[in-house]
Visitor: 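Before anything else, here's the structure in question.
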Amino acid sequence: MKIGYLFHKIAMFVFSQLYNTIYWFFNSGNWDLTVVNVKKTGENLKTVDDVRIFISLFRWRSDGLLDWQPWVKTAFARNFIDDCDGAAVLGKWALNCAGINSKIIRLWKTGQRLGHTVCISNDHKILISNNDMTEILPEDYPDSIYAYFNNDFNIM
């Protein structure tokens, strides 16, 4: 699993850089407005409830053939439509704006090729998955995350 995870991590980074760069090459006219929108939105994210409302705007859509992770500005420009990677990126950014440190983690199931990406606060109290934000019990971490997903995953 470690080799597969490492390969996925490297491929994800390469495809993400490439896809975001190509996206902005063809949509450069939207850059300035997107920068302003990101800044204004970030200034309004002050509480956990603000983050919950913001993340509820996210809409899931499959990446298709290649898995990639949008930059925050790309996610904004695409109207918050992406797969779980985009939601995790937006969740991490939004929590950071509200003064809550967080990280992006990938969940896997032993023997499976498909995974899921989420954002979790560093204190293990907040979980963001797609357009849902929930509080979890930090003392039960990581089991509380596995339980949230009906134990469909068992590797972080």
Visitor: Going through the checks in order, is the side chain to side chain contact (heavy atoms under 4.5 Å, CB included) test met by Val48 and Ile100?
Guide: CA-CA 9 Å; Val48 171; Ile100 301 168; 3.6 Å; yes
Visitor: For the pair Leu107 and Ile155, evaluate side chain to side chain contact (heavy atoms under 4.5 Å, CB included) and give the outcome as yes or no after the intermediate values.
Guide: CA-CA 6 Å; Leu107 304 170; Ile155 300 170; over 6 Å; no
Visitor: Are Met12 and Leu18 connected in the hydrophobic side-chain network, where two residues link if heavy atoms are under 4.5 Å apart?
Guide: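 Different hydrophobic clusters.
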Visitor: Check whether Phe58 and Leu127 end up in the same hydrophobic cluster, where Ile, Leu, Val, Met, Phe, Trp and Tyr are linked by side-chain heavy atoms less than 4.5 Å apart.
Guide: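 Different clusters.
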Visitor: Can you confirm whether more than 12 heavy atoms, excluding those of Glu135, are under 6.0 Å from its CD atom?
Guide: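 Not more than 12 within 6.0 Å, no.
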Visitor: Are side-chain heavy atoms of Ile120 and Ser102 found at a separation under 4.5 Å?
Guide: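 No - every pair of side-chain heavy atoms lies 4.5 Å or more apart.
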Visitor: ring-ring contact (aromatic ring centres under 6.0 Å, His included) with Trp31: which of Phe25, Phe26, Trp24?
Guide: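 So the option named by the test is Trp24.
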Visitor: Could you tell me whether the side chains of Asn20 and Thr74 share a donor-acceptor contact shorter than 3.5 Å?
Guide: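 Checked: Asn20/Thr74 side chains pair up, N/O donor to acceptor below 3.5 Å.
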Visitor: Is there side-chain contact between Leu45 and Phe54, with heavy atoms separated by less than 4.5 Å?
Guide: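 Yes, at least one pair of side-chain atoms sits under 4.5 Å.
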Visitor: Identify the heavy atoms of Lys73 and Thr34 that sit nearest to each other, and give their distance.
Guide: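 Result for this residue pair: O-CG2, 3.3 Å.
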Visitor: For residues Phe153 and Met156: do they belong to one hydrophobic cluster (side chain heavy atoms under 4.5 Å, members Ile, Leu, Val, Met, Phe, Trp, Tyr)?
Guide: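 Same cluster: Phe153 reaches Met156 through Ile, Leu, Val, Met, Phe, Trp or Tyr contacts under 4.5 Å.
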Visitor: Going hydrophobic residue to hydrophobic residue with side-chain gaps under 4.5 angstrom, can you get from Ile55 over to Leu57?
Guide: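 Linked, Ile55 and Leu57 end up in one cluster.
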Visitor: Is Asn96 reaching over with its side chain to a backbone N or O of Lys92, donor-acceptor style, under 3.5 angstrom?
Guide: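 No, the answer is negative, given that no donor and acceptor are paired below the 3.5 Å cut-off.
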Visitor: Any chance the side chains of Ser56 and Asn131 put a donor and an acceptor closer than 3.5 Å?
Guide: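 Not at all, the side chains of Ser56 and Asn131 share no donor-acceptor pair under 3.5 Å.
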Visitor: Does the gap between the ring centers of Phe76 and Trp93 come in under 6.0 Å?
Guide: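 For Phe76 and Trp93, the ring centres are under 6.0 Å apart.
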Visitor: Are side-chain heavy atoms of Phe149 and Ser129 found at a separation under 4.5 Å?
Guide: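 When only atoms from C-beta onward are counted, Ser129 and Phe149 do touch, with a gap below 4.5 Å.
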Visitor: So which atom in Arg106 and which in Thr117 form the shortest heavy-atom distance, rounded to 0.1 Å?
Guide: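 Scanning both residues, the minimum pair turns out to be NH1-OG1, 2.8 Å.
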Visitor: If you take all heavy atoms of Lys103 and Asn122, which pair is closest and at what distance?
Guide: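 Heavy-atom minimum between the residues: N-OD1, 3.6 Å.
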Visitor: Under 4.5 Å between any side-chain heavy atoms of Val35 and Lys39, yes or no?
Guide: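 Val35 does not reach Lys39 side chain to side chain.
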Visitor: Would you confirm whether the ring centroid of Phe15 sits within less than 6.0 angstrom of the ring centroid of Tyr19?
Guide: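 No, the ring of Tyr19 stays outside the 6.0 Å limit from the ring of Phe15, centre to centre.
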Visitor: If you look at every heavy atom in Tyr23 and Ala77, which pair is closest and at what distance?
Guide: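 Nearest pair, atom of Tyr23 first, then Ala77: OH-CB, 3.4 Å.
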Visitor: Heavy atoms only: give me the nearest Gly91-Cys119 pair and the separation to one decimal.
Guide: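 Closest approach of Gly91 to Cys119, heavy atoms only: C-SG, 3.8 Å.
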Visitor: Would you say Lys109 and His116 are linked by a side-chain donor-acceptor pair, where the criterion is simply a distance under 3.5 Å?
Guide: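 Not at all, the side chains of His116 and Lys109 share no donor-acceptor pair under 3.5 Å.
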Visitor: Counting N and O atoms only, with roles assigned by atom type, does the side chain of Lys125 sit under 3.5 Å from a partner on the main chain of Pro138, one being a donor and the other an acceptor?
Guide: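 Checking the backbone N and O of Pro138 against the side chain of Lys125, no donor-acceptor pair under 3.5 Å is found.
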Visitor: Between the side chains of Ser62 and Asp83, is a donor N or O closer than 3.5 angstrom to an acceptor N or O?
Guide: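 Checked: Ser62/Asp83 side chains show no N/O donor-acceptor pair below 3.5 Å.
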Visitor: Determine whether a donor-acceptor pair (N or O, by modelled atom type, separation under 3.5 Å) exists between the side chain of Ser121 and the backbone of Ile126.
Guide: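 Side chain of Ser121 to backbone of Ile126, a donor-acceptor pair under 3.5 Å: yes, one is there.
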Visitor: Find the distance between CG (Leu137) and CD1 (Ile145) and round it off to the nearest 0.5 Å.
Guide: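 Spacing of CG (Leu137) from CD1 (Ile145) equals 11.5 Å.
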Visitor: Under 4.5 Å between any side-chain heavy atoms of Lys9 and Phe13, yes or no?
Guide: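 Heavy-atom side-chain distance check fails, nothing below 4.5 Å.
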Visitor: Check this for me, if you would: do Arg59 and Asp82 make a salt bridge, where the nitrogen-to-carboxylate-oxygen distance has to be below 4.0 angstrom?
Guide: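 Answer for the salt bridge query: no.
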Visitor: With distance as the sole criterion, is a donor-acceptor pair present between the side chains of Thr41 and Asn44 under 3.5 Å?
Guide: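 Looking only at side-chain atoms, Asn44 and Thr41 do not form any donor-acceptor pair under 3.5 Å.
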Visitor: Please answer: with hydrophobic residues joined when any side-chain heavy atoms are less than 4.5 Å apart, are Trp108 and Ile105 in the same cluster?
Guide: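 Different hydrophobic clusters.
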Visitor: Do the side chains of Asp132 and Ile128 get nearer than 4.5 Å, heavy atoms only?
Guide: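 Heavy-atom side-chain distance check fails, nothing below 4.5 Å.
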Visitor: Can you tell me how far apart CH2 (Trp68) and CG (Asp85) are? Round to the nearest 0.5 Å.
Guide: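 Separation between the atoms: 9.0 Å.
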Visitor: Minimum heavy-atom separation for His124 and Ile136, please, with both atom names.
Guide: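 Minimum heavy-atom separation between His124 and Ile136: O-CG1, 3.2 Å.
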